[in-house]
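Only a predicted model underlies this, so the values are computations on that prediction, with no experimental measurement involved. The analysis underlying the following values was restricted to heavy atoms, covering all of them including side chains, and did not include hydrogens, waters or symmetry mates.
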Amino acid sequence: MRLLIAGMTCLLLAACGGPARPTPTPSASAAAPAAPAAPGSPSPVPPSPSVSLAPVPAGFVDLSDVDKSIMSDIRYATPHNFVGRPVTGYLRARCLVTRQAAEALHRVQQSALARGYSLKVYDCYRPQQAVDDFVRWSGDADQRMKGEFYPKVDKSALFDDGYIGGPTAHSRGSTLDLTLVATPAPQQPLYRGDDPLVPCTAPADQRFPDNTIDMGTGFDCFDPLAHTAATGVSAAQREHRALLVGLMSAGGFTNYAKEWWHYTLRDEPIRDTYYNFPVA
């Protein structure tokens, strides 16, 4: 990592959240948000359109075309995420963002490398159809990934507790979920679906062996411990979070307080349009 989600704390973040925006303006390749739901119930959303290989709109770029040194682990294109399967709309493990966000991330990466670290992105642009998929998932009985991503939260409470919501700032193209990796980067083991699930709040040497520095929880951990300023983490983990906040803030990004991994470009060029083209 904020799901039609901020780690499910985000009606505005779909697996990543944030403060509400004005009613978005639909445009080509974009999907307008659904009308708000009654308190305590999932937000109704329009049916997702058929997935097509629509062209990437002008103004969006592949992050690797701007900075090849930034690492990536696009979890929603894989089974290693809170729904346990590739998410609708993620046809490739690719980081698409607005050009302004990509160029700002390049500057952050230069600062990170000078300190012995590299950025690693988990999620970038997220299509509205993915947010719709999260909403559908929230209403079914599938809890296969509970043991890792929401071990202490009932799935039925993910909306009420703010962990899932929509539309998400990710769909505007200037919001990312990311972390830091010490350089040279250690190799990360491949995710194996048959491995036992370990809570995302467990010590780093017990949970999934991500090659990143220890932030106190895993990515997309739906738990108060994932709040950026959580008091239950160690001094070293607080320092790691502060380092990421400092680098990203200096680069023009704002953190979402309930997810240490979630950042939005302060001067994002697209503020009222939520896109729906697939990550392909």
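Contact annotation: the side chain of I270 approaches that of Y275 to within less than 4.5 Å [non-hydrogen atoms, C-beta and beyond]. Here the side chains of T78 and Y191 are not in contact, with every heavy-atom distance at 4.5 Å or above. Between C95 and I74 there is a side-chain heavy-atom pair separated by less than 4.5 Å. Looking at Y150 and Q143, their side chains come closer than 4.5 Å, going by heavy atoms from C-beta outward. You'll find the side chain of Y90 reaches within 4.5 Å of the side chain of P127, heavy atoms only. A heavy-atom distance below 4.5 Å is found between the side chains of Y122 and T212. The side-chain heavy atoms of D140 and K155, taken from C-beta on, include a pair separated by under 4.5 Å. Taking the side chain as every heavy atom from C-beta outward, S72 and L63 never approach each other to under 4.5 Å.
The minimum heavy-atom distance linking P224 with A230 is given by the pair O-CB, 3.6 Å. In this structure, S174 and F253 approach most closely via the heavy-atom pair O-CE2, 4.3 Å. Heavy atoms only, all atoms of each residue included: H80 and E148 are closest at NE2-OE2, 3.0 Å. The two residues V61 and A102 come nearest to each other via the heavy atoms CG2-CB, 3.6 Å. Closest of all the heavy-atom pairs between T231 and R238 is O-NH1, 4.2 Å. A pairwise comparison of heavy atoms in N211 and V181 identifies O-CG1, 3.5 Å as the closest pair.
The backbone N or O of S234 sits less than 3.5 Å from a side-chain atom of Q237, completing a donor-acceptor pair. E268 places no side-chain N or O within 3.5 Å of a backbone atom of G173 that could act as its donor or acceptor partner. Side-chain atoms of K146 come within 3.5 Å of backbone atoms of V153 as a donor-acceptor pair (strictly under, hydrogens ignored). Side-chain atoms of S249 do not come within 3.5 Å of backbone N or O of G246 as any donor-acceptor pair. Distance alone, capped at 3.5 Å, is enough to place a donor-acceptor pair between the H170 side chain and the C124 backbone. Side-chain N or O atoms of D214 include none that pairs as donor or acceptor with a backbone N or O of A204 at under 3.5 Å. Remark: the backbone N or O of R75 is paired with a side-chain donor or acceptor of N81 at under 3.5 angstrom.
Other residues, nucleotides and ligands contribute over 12 non-hydrogen atoms within 6.0 Å of the CZ atom of R207. Around atom CG of D62, more than 12 heavy atoms belonging to other residues, nucleotides or ligands sit under 6.0 Å away. Within 6.0 Å of CD on Q206 lie more than 12 heavy atoms contributed by other residues, nucleotides or ligands.
Between L247 atom CG and R107 atom CZ the span is 13.5 Å, to the nearest 0.5 Å. With values rounded to the nearest 0.5 angstrom, N255 atom CG is found 7.5 Å from L244 atom CG. A distance of 9.5 Å separates OG1 of T254 from OH of Y263, quoted to the nearest 0.5 Å. Expressed to the nearest 0.5 Å, how far OG1 of T88 lies from CD of Q129 amounts to 7.0 Å. Of the inter-residue distances, the one linking C221 atom SG with H227 atom NE2 reads 10.0 Å to the nearest 0.5 angstrom. Here CZ of R115 is found 10.5 Å from CG of L180. Values are rounded to the nearest 0.5 Å.
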Yes or no on ring pair (Phe, Tyr, Trp, His ring centres under 6.0 Å) for F208 and F149, after CA distance, side-chain angles and deciding distance? CA-CA 11 Å; F208 176 75; F149 293 96; 9.3 Å; no
So V83 and Y76, side chain to side chain contact (heavy atoms under 4.5 Å, CB included) or not? Walk me through it. CA-CA 9 Å; V83 301; Y76 297 151; over 6 Å; no
Could you walk me through whether L178 and L105 pass the side chain to side chain contact (heavy atoms under 4.5 Å, CB included) test, one step at a time? CA-CA 11 Å; L178 45 66; L105 283 171; 3.8 Å; yes
Start with the C-alpha distance between H240 and T179, add both sets of side-chain angles, then the distance that settles side chain to side chain contact (heavy atoms under 4.5 Å, CB included), and finish with yes or no. CA-CA 9 Å; H240 290 163; T179 189; over 6 Å; no
Which is it for V233 and W260 under the side chain to side chain contact (heavy atoms under 4.5 Å, CB included) test, yes or no, and what are the steps along the way? CA-CA 12 Å; V233 300; W260 60 255; over 6 Å; no
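Salt-bridge check for R136 with D142: failed, with every basic side-chain N at 4.0 Å or more from each acidic carboxylate O. Electrostatic pairing of D210 and K120 counts as a salt bridge here, judged by a charged N lying under 4.0 Å from a carboxylate O.
Applying the side-chain contact (heavy atoms from CB on, under 4.5 Å) rule to A182 yields the partners Y117, I213; only residues at least two apart in sequence or on another chain are considered. Under the rule for a side-chain contact (heavy atoms from CB on, under 4.5 Å), the partners of P209 that lie at least two apart in sequence or sit in another chain are P189.
Under the 4.5 Å side-chain contact rule for hydrophobic residues, L197 and L225 do not share a cluster. Follow the hydrophobic side-chain contacts under 4.5 Å out from F82 and you never reach V198; the two are in separate clusters. Note on M215 and M71: separate hydrophobic clusters, where clusters join Ile, Leu, Val, Met, Phe, Trp and Tyr whose side-chain heavy atoms are under 4.5 Å apart, directly or indirectly.
For the residue pair T183 / S118, no side-chain donor-acceptor distance below 3.5 Å is found, with atom types taken as modelled. In this model, a donor atom of one side chain and an acceptor atom of the other lie less than 3.5 Å apart for R172 and Y274. Side-chain contact of D223 with T201: a donor-acceptor pair under 3.5 Å is absent, judged by distance alone. Side-chain contact annotation: Q128 with D132, donor-acceptor N/O pair under 3.5 Å present.
Between F60 and F277, the angle of the ring planes goes over 60°, which puts this pair in the perpendicular group of the 30/60° scheme.
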